[in-house]
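Read the structure below first, then the notes.
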Amino acid sequence: MNITEKILARASGKTQVSPGDVVFVNVDKVMVHDVSGPGVLAVFEKLRKKGMVIDKVWDPERVWVAEDHFVPAADKISAQNVVLLTNFTKQFGIKRHFKYGMGQYGICHTLSHEEAMVLPGEVYVGGDSHTNTTGALGAFAAGLGHTDVAYVLLNGKIWFKVPETLFFKINGKLPDHVMAKDLILKIIGDIGTDGAAYKTMQFGGTGISEMSVESRLTLTNMTTEAGAKSGIVEPDLKIREYLAARGVTKYDEVHGDTDAQYEKIYEYEGSEMEPVVAKPFSPANTVVARDLSSVELDKAYIGSCTGAKLEDLQAAAKILKGRTVKIRTEILPAAMSIFRKAMDTGLLKIFMDAGAVVGPPTCGACCGAHMGVLAKDEICISTTNRNFPGRMGHVESQTYLASPLVAAASAVTGKITDPRDLK
Ligand SMILES: CC(C)[C@H](C(=O)O)[C@@H](O)C(=O)O
Ligand code: SF4
């Protein structure tokens with residue numbers, strides 16, 4: 001069995017599972033945020049109307065809650081949703097509620113690794129499609145809809161069909177000007193937005209062992225854009241060090257067997273990778289950044305669970321240091337802990353000296369909700385993961401997806417720019 005099959009076998013009390021089997025698994029952790037939380041509570045209300053008594057969740061210690069999509073409250077409805085979440089965590093005794101304006105808070109998928117909320121070998125589900133992100137820590141991590149999350153909250157279990165696994169073997173390190181974002185855009189461009197439909201995308205090879213944990217998280221984050229049920233990387237020393245730095249050393253790692261089976265193996269030569277950009281309106285609409293050097297931009301956005309981890313901000317700072325932005329540039333670290341590290345290490349000063357605006361963690365601009373939406377016909381280069389019509393604002397706006405290096409280089413020139421071409 002491969003790592004995903006072994007995790008699902010262990011969680012369902014079986015010695016052997018195969019792709020296609022339906023298993024009923026014990027869940028280790030579950031997350032809801034300020035969009036899915038109220039949706040799940042609406043399911044509870046429906047069940048109550050049918051006479052069900054709901055006065056506790058299966059295990060309040062295994063539930064955590066993030067305020068991220070519409071904070072700072074974008075309007076009256078989002079303000080009300082935060083009140084709903086607060087009442088929910090109080091009523092059910094859920095202590096891990098990351099609240100806007102009270103110390104650490106941020107985008108759910110960023111907190112999941114920054115706060116070591118999920119550990120190797122675990123089954124983690126969340127009310128958000130990019131829950132796949134945390135698979136980079138060696139866990140089975142998948143997004144669920146409101147009804148399924150409600151079921152997990154009450155029972156601590158859920159069913160899964162064991163997915164087939166596609167293995168992406170990356171040989172050798174990526175060049176300096178290329179980031180994990182370029183690699184995953186290249187892969188999605190190759191396999192398409194349904195190329196991994198209900199499959200697991202596993203990443204391995206020397207290119208992955210050389211890669212930082214934060215970079216691996218960019219890969220697994222975007223497996224959702226290829227339709228994958230989950231994304232995963234086998235845990236190694238880097239993961240152990242990452243978790244130890246967060247005070248966690250006890251967990252039960254799972255590794256695939258040496259003769260593990262995969263549906264298909266794809267190979268990529270790391271050193272041959274180039275900066276890649278996804279054009280509107282699909283993450284699979286990819287070309288090399290250099291082919292787009294005539295595209296004029298209105299905005300550069302460096303933010304989101306995909307592109308505003310510390311390493312992403314460091315990459316942007318490398319470009320922006322001593323330079324000035326030519327277009328409106330918004331930089332929103334993905335969690336307060338990252339914001340603080342960026343402040344302590346001088347990154348925020350570099351951004352502000354360059355003329356960019358630095359703002360609080362939020363999903364707002366990424367999902368076109370608030371805090372920087374695009375106007376009609378505006379064109380944005382963004383470190384986020386989706387560029388469907390209207391994703392970041394007006395339905396006739398356009399988003400190009402890119403790495404933080406490409407986004408920062410483009411902010412400086414006002415046109416899509418390969419970082420190698422920046423004077
Ligand atoms: C709003 C939320 C449910 C949504 C998701 O599930 O992915 C959002 O995070 C997104 O990226 O589109
Ligand atoms: S930052 Fe964007 S992609 Fe990530 S959870 Fe928020 S809305 Fe979804």
Side-chain angles (χ1 to χ4, degrees), residues 30-43 64-72 74 77-78 81-82 85 98 100 105-114 117 125-134 136 141-150 181 184-185 188 193 214 217-231 278 281-283 301-309 312-313 330-335 338-339 359-374 380 382-393 399 401 404 407:
V30 57
M31 178 279 297
V32 293
H33 54 48
D34 57 341
V35 177
S36 54
V40 169
L41 294 178
V43 176
W64 65 281
V65 173
E67 296 175 8
D68 56 4
H69 280 70
F70 290 83
V71 294
I77 297 172
S78 36
N81 279 344
V82 168
L85 274 189
F98 295 91
Y100 170 79
Y105 91 98
I107 299 168
C108 55
H109 312 304
T110 309
L111 294 174
S112 71
H113 57 87
E114 275 287 295
M117 303 298 294
V125 297
D128 191 282
S129 70
H130 294 105
T131 302
N132 298 24
T133 310
T134 321
L144 297 179
H146 299 336
T147 318
D148 287 339
V149 171
K181 182 65 173 286
I184 191 66
L185 286 174
I188 297 169
T193 51
E214 289 196 350
L217 286 153
T218 303
L219 300 179
T220 45
N221 175 278
M222 289 202 65
T223 59
T224 305
E225 306 319 320
K229 186 66 195 167
S230 61
F281 292 100
S282 163
Y301 181 61
I302 295 168
S304 85
C305 55
T306 323
K309 301 178 286 307
D312 299 319
L313 302 184
E330 294 164 8
I331 306 180
L332 271 59
I338 295 173
F339 200 115
T362 178
C363 291
C366 170
C367 60
H370 67 126
M371 294 222 12
V373 296
L374 301 175
C380 175
S382 174
T383 65
T384 56
N385 52 31
R386 291 186 164 156
N387 60 352
F388 314 137
R391 170 66 179 180
M392 294 185 79
T399 296
L401 305 175

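As the structure lists them, so they are numbered: ligands from 1, and atoms in each ligand from 1. Numbering starts at 1 and runs along the sequence shown. Just so you know, these numbers use all the heavy atoms, side chains as well, and skip hydrogens, waters and symmetry mates.
Between the side chain of Tyr301 and the backbone N or O of Ala407 there is no donor-acceptor pair closer than 3.5 Å. Remark: the backbone N or O of Asn81 is not paired with any side-chain donor or acceptor of Asp34 at under 3.5 angstrom. Without hydrogens or angle criteria, Lys181 side chain to Thr218 main chain gives no donor-acceptor distance under 3.5 Å. Panel note: side chain Thr362, backbone Asp68; a donor-acceptor pair is recorded below 3.5 Å. Judged by distance alone, with hydrogens and angles left aside, the side-chain atoms of His370 form a donor-acceptor pair with the main-chain N or O of His69 at under 3.5 Å.
Going from atom CG of Asn385 over to atom SG of Cys366 covers 5.5 Å, rounded to the nearest 0.5 Å. Interatomic distance, CG of Asp312 versus OG1 of Thr306, reported as 8.5 Å (0.5 Å rounding). Taken to the nearest 0.5 Å, the OG1 atom of Thr131 stands 9.0 Å off from the NZ atom of Lys229.
Every atom of ligand 2 is numbered from 1 in the order shown, and the set under 4.0 Å from a heavy atom of His130 is 3 (S), 8 (Fe). Heavy-atom contacts of Ser304 reach the following atoms of ligand 2: 1 (S) (cutoff under 4.0 Å).
Under 2.8 Å from atom 4 (Fe) of ligand 2 lies an N/O/S atom of Cys305, whether from backbone or side chain. Atom 6 (Fe) of ligand 2 has no N, O or S atom of Cys366 inside 2.8 Å of it.
In terms of protein heavy atoms, atom 3 (S) of ligand 2 is closest to Asn385 ND2, 3.2 Å. Of the protein's non-hydrogen atoms, the one nearest atom 8 (C) of ligand 1 is His69 NE2, 3.3 Å. Closest to atom 11 (O) of ligand 1, if we only count protein heavy atoms, is Arg391 NH2, 2.9 Å. The single protein non-hydrogen atom nearest to atom 6 (Fe) of ligand 2 is Cys363 SG, 2.3 Å, given as residue, atom name and distance.
Considering both main-chain and side-chain atoms, His33 never comes within under 3.5 Å of ligand 1 through any nitrogen or oxygen pair. Polar contact with ligand 1: present for Arg386 (N/O pair, distance under 3.5 Å).
For atom 2 (C) of ligand 1, the nearest non-hydrogen atom from the set Thr224, Asp128, Val35 comes from Asp128. Nearest-residue assignment for atom 5 (S) of ligand 2 (options Glu225, His109, Met222, Arg391; heavy-atom criterion): His109. If you check each of Ser129, Ala369, Cys305 against atom 7 (O) of ligand 1, the one with the closest non-hydrogen atom is Ser129.
When non-hydrogen atoms are compared, ligand 2 lies under 4.0 Å from the side chain of His69 (C-beta onward) but not from its backbone.
Side-chain atoms of Asn221 and His109 form no donor-acceptor pair, as typed in the model, at a separation below 3.5 Å.
A pairwise comparison of heavy atoms in Thr110 and Cys305 identifies OG1-CA, 3.8 Å as the closest pair.
Heavy atoms of Thr384 come nearer than 4.0 angstrom to ligand 2 in no pair at all.
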